[in-house]
Amino acid sequence: MDEMKMGHDHHGEEDQHEAHAVHHDETMRKQAEESPAGEMKMQHMQHAEGGHDHHLMMIMDYKKRFFVSLALSIPILVLSPMIQMFFGYSLNFRGAIQLLFALSSVLFLYGGKPFFSGAVKEARERTPAMMTLVAFAISVAYGYSSISVLLLNSGDFFWELATLVDIMLLGHWIEMKSVSGASNALASLMKLMPNRAHRISDSGETEDIETDQLHISDAVLVKPGETIPIDGTVYEGTSSVDESMVSGESLPVGKKQGDEVIGGSVNGEGVLKYRVDRVGDDTFLSQVMRLIRDAQNTKSNTQRIADVAAKWLFYVAVIGGAVTFLAWLLSGAQLSFAVERAVTVVVICCPHALGLAVPLVTSVTTAIAAQNGLLIRNRSAFEAAKGVDVVAFDKTGTLTQGAFGITDIVGIGISETELLQIAYGAEQNSEHPLAKAIVSEGEKRGLKMPAVTDYRNLTGMGLSASVDGVQTVITSPAYLKENGIPFDESQFRILSDQGKTVIFVIREGAPIGYLALSDQVKPSAKPAVDALSAMGIRSVMLTGDNQNAASFIASEIGITEIYSEVLPRQKAEIIGNIKKQGHRVAMTGDGVNDAPSLAAADLGIAVGAGTNVAIETADVILVKSDPDDVVGLLRLARLTYRKIVQNLVWATAYNVVAMPLAAGVLYHWGILISPAVGALFMTLSTIIVAINAKLTKLK
């Protein structure tokens, strides 16, 4: 996020949110009844909360179906004639076949339901994949086995049906457990807006009302430290406002009569009165929400690698089964033999190993990622990240610390330590980000606190105080120019061109020195950019900060492609343009203004110290907020892709050998694969896939 952290200087905003938390849902429902904007807000909340609950319900459903199906599978395997023949035992009693059929029917309907539902969805979307393949295979196995044991008294595939359903349910359960739920970005964005506002009536009295009850031209009062409830124009008062989520500008922006304020930004030390300019869908945050929603809706739906393999296996199964059946029928074979060969081909085309090939790698790599501080929320985007060749970085809070630090201390007639000590004393009661940086430096150096009295805030200009009995002003160059106080303007320009903020210390009307401050580059930023370059990945900086600050930070890190002073919409557009050039783009950011671009990128990466909006919009979260973790993430993505491909090769290699043999290509040479041998190949393939997944390690 190109700004100081949201909430860094909120003056009780969190307490305000907590006070409203109890009746938050009730308020949303009331707003839904009273206004279209409220109804939209409620729908976003219900959608986000419902998506999360739905994901948990699906995990529990797969778990339940797996264990029930597993329990049913044990007697099915014991009673199956094919298994009895394979292991050389006999278990025949009155009603055994009927019991086998009944148990298999329950398992087929109960355990297979998710696959039938998924197959219907894939059919509607005309994208046959894993669900279609599994549904087709178990339907053929169940139908053929039912006819065989009940009418023909011949071999069955009930054992294949049972084990296939079990392993597929297990695979889906493992994978869903390892992946987070749906994005709650829109709900998180809504939480930035205060539920209530101080409306000023025509008589000048103040009343607290719900924010959604405000109308254009209403007068609103904002107290120090409060969140501005809605967009408008100031008509009275002066203050500084942290609107970094809008522009990405690191420093709070001074506001006076005639200036615009944005809903969701945080007021500083002054009291502001303003008139509402925009409501509903026209507000800034509503526009950001629309950008996020549009980006999420249009984001490429990368098809899972296993689904691609399953799609082709489905076509192979249908075509292979039909060709096998017709070939044997036309060659004069009996109908029962032709059907048996065709069914064997279809069932073999859905190997058990395929159901575990991706979930096992998913489970292992998700655990590895978590151990390294990488939380994967979107598996499809993560798998596709192996093709990322451009990484776009937000500046503040991503490549930098997101907090100011002192870079230069220059005394005029006094020592560096004496100058810092005076500034340290004067700034001790200020909540301004620059003041906090000066106080932090003074504490770090163990400086003695001087006696400070007569503290007074100079809104938008700095502060004045009596330090050790001497009148002192901590201020900006603008104050010196306004009051005709001379200073070294050439040195000031040099520091300003480096993106640094310069503040002067004035004692008894004359400057005694100045301090330069800037956002601090994270130690791992440059090594991370260098490592990405070595991997053939281009680094780009997208920032709402000014050109000077962006260029200086970029030169220190080694990034040459810079887009500065960009708004959220422009960030998303830049990501879109890079994608149109044929690149796969990862975006790394941490703020509200990064959320649309995180959603628009092929891979959205949020740093863990950022806002909930960015985190909920992203595909991956970096817990440690370390740029070097971007390198580790992309390396893990490439490793994951290799492992998945290896497992799919092992999972399907068995088909390449077994399917022609099952079809009877070498029948006239006395070679015909039996279901028992097919089961052995299937088991070996599954074991190899499991071992290969467990051997995954991130170096």
Side-chain angles (χ1 to χ4, degrees), residues 1-11 240-245 247-254 265-266 268-269 393-410 416 419-445 447 457-458 460-463 474-479 492 494-505 513-523 525 541 543-557 564-565 590-591 593 607 609-611 625 627:
M1 183 164 101
D2 288 351
E3 69 245 359
M4 303 307 294
K5 288 288 175 289
M6 297 298 297
H8 179 71
D9 197 15
H10 281 202
H11 297 283
S240 60
V241 176
D242 178 3
E243 55 181 30
S244 48
M245 69 167 192
S247 65
E249 182 68 44
S250 304
L251 284 171
V253 180
S265 55
V266 182
E269 70 287 347
F393 288 98
D394 167 51
K395 182 181 78 67
T396 309
T398 303
L399 292 172
T400 66
Q401 302 286 3
F404 281 87
I406 296 177
T407 59
D408 302 85
I409 304 176
V410 179
E416 173 185 308
L419 178 65
L420 179 60
Q421 187 171 27
I422 293 169
Y424 170 47
E427 297 280 19
Q428 62 178 302
N429 295 318
S430 174
E431 290 296 324
H432 196 283
L434 296 179
K436 291 184 176 181
I438 293 171
V439 171
S440 175
E441 183 68 20
E443 291 175 345
K444 186 166 63 175
R445 297 193 184 193
L447 298 182
N457 185 57
L458 305 175
M461 301 295 285
L463 59 86
I474 310 293
T475 189
S476 65
Y479 177 90
F492 166 72
I494 292 173
L495 295 171
S496 182
D497 288 343
Q498 294 176 350
K500 297 177 181 180
T501 299
V502 181
I503 60 174
F504 286 83
V505 180
Y514 56 85
L515 300 91
L517 302 93
S518 70
D519 196 358
Q520 304 293 291
V521 174
K522 291 182 178 179
M541 180 189 288
T543 175
D545 220 338
N546 63 73
Q547 178 65 39
N548 288 340
S551 298
F552 179 70
I553 295 296
S555 64
E556 286 196 339
I557 295 172
S564 61
E565 301 179 26
D590 73 338
N593 62 336
V607 298
T611 65
S625 303

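- Taking 4.5 Å as the limit, some side-chain heavy atom of Tyr424 sits within range of a side-chain heavy atom of Val439.
- Residues meeting the side-chain hydrogen bond (donor to acceptor under 3.5 Å, both in side chains) test with Ser551, sequence neighbours left out: Gln547.
- Between the CD1 atom of Ile553 and the NZ atom of Lys522 there is a distance of 12.0 Å, given to the nearest 0.5 Å.
- Between Leu515 and Ala423, the shortest heavy-atom contact is CD1-CB, 4.2 Å.
- For the atom pair CG of Asn548 and OG of Ser518, the computed distance is 12.5 Å after rounding to the nearest 0.5 Å.
- For the atom pair CG of Leu517 and CD1 of Ile409, the computed distance is 8.5 Å after rounding to the nearest 0.5 Å.
- Closest approach of Ala426 and Ile474 over heavy atoms only: CB-CG1, 3.8 Å.
- Under the side chain to side chain contact (heavy atoms under 4.5 Å, CB included) criterion, Gln421 pairs with Leu447, Lys448, Pro450, sequence neighbours left out.
- By the salt bridge (charged side-chain N to carboxylate O under 4.0 Å, His left out) test, Lys500 is found to be paired with Asp408, residues two or more places apart in sequence or in another chain being considered.
- Counting heavy atoms from C-beta outward, Leu420 and Ile438 have side chains that approach closer than 4.5 Å.
- The shortest distance between side-chain heavy atoms of Gln498 and Thr407 does not fall below 4.5 Å.
- Ser430 meets the side chain to side chain contact (heavy atoms under 4.5 Å, CB included) test with Glu427, His432, Ala435, Tyr455, Leu463; sequence neighbours excluded.
- Pairing each heavy atom of Ser265 with each of Asp242, the nearest pair is CB-O, 3.3 Å.
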For this session: Go through the steps for Tyr514 and Leu495 under the test side chain to side chain contact (heavy atoms under 4.5 Å, CB included), then give the verdict.
Result: CA-CA 11 Å; Tyr514 56 85; Leu495 295 171; 3.7 Å; yes
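- Every residue two or more places apart in sequence or in another chain that forms a side chain to side chain contact (heavy atoms under 4.5 Å, CB included) with Ala550 is listed here: Met541, Thr543, Ile562, Ser564.
- Under the 3.5 Å distance criterion, the side-chain polar atoms of Gln428 are matched with a main-chain donor or acceptor of Gly425.
- Across every non-hydrogen atom of Lys395 and Ala549, the tightest pair is CD-O, 4.4 Å.
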For this session: Kindly determine whether Asp519 and Gln401 satisfy side chain to side chain contact (heavy atoms under 4.5 Å, CB included), including the steps that lead there.
Result: CA-CA 7 Å; Asp519 196 358; Gln401 302 286 3; 4.2 Å; yes
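- Across all non-hydrogen atoms, the minimal contact from Thr398 to Phe393 is CG2-CD2, 4.1 Å.
- Evaluation of the salt bridge (charged side-chain N to carboxylate O under 4.0 Å, His left out) rule for Glu443 yields no partner, not counting sequence neighbours.
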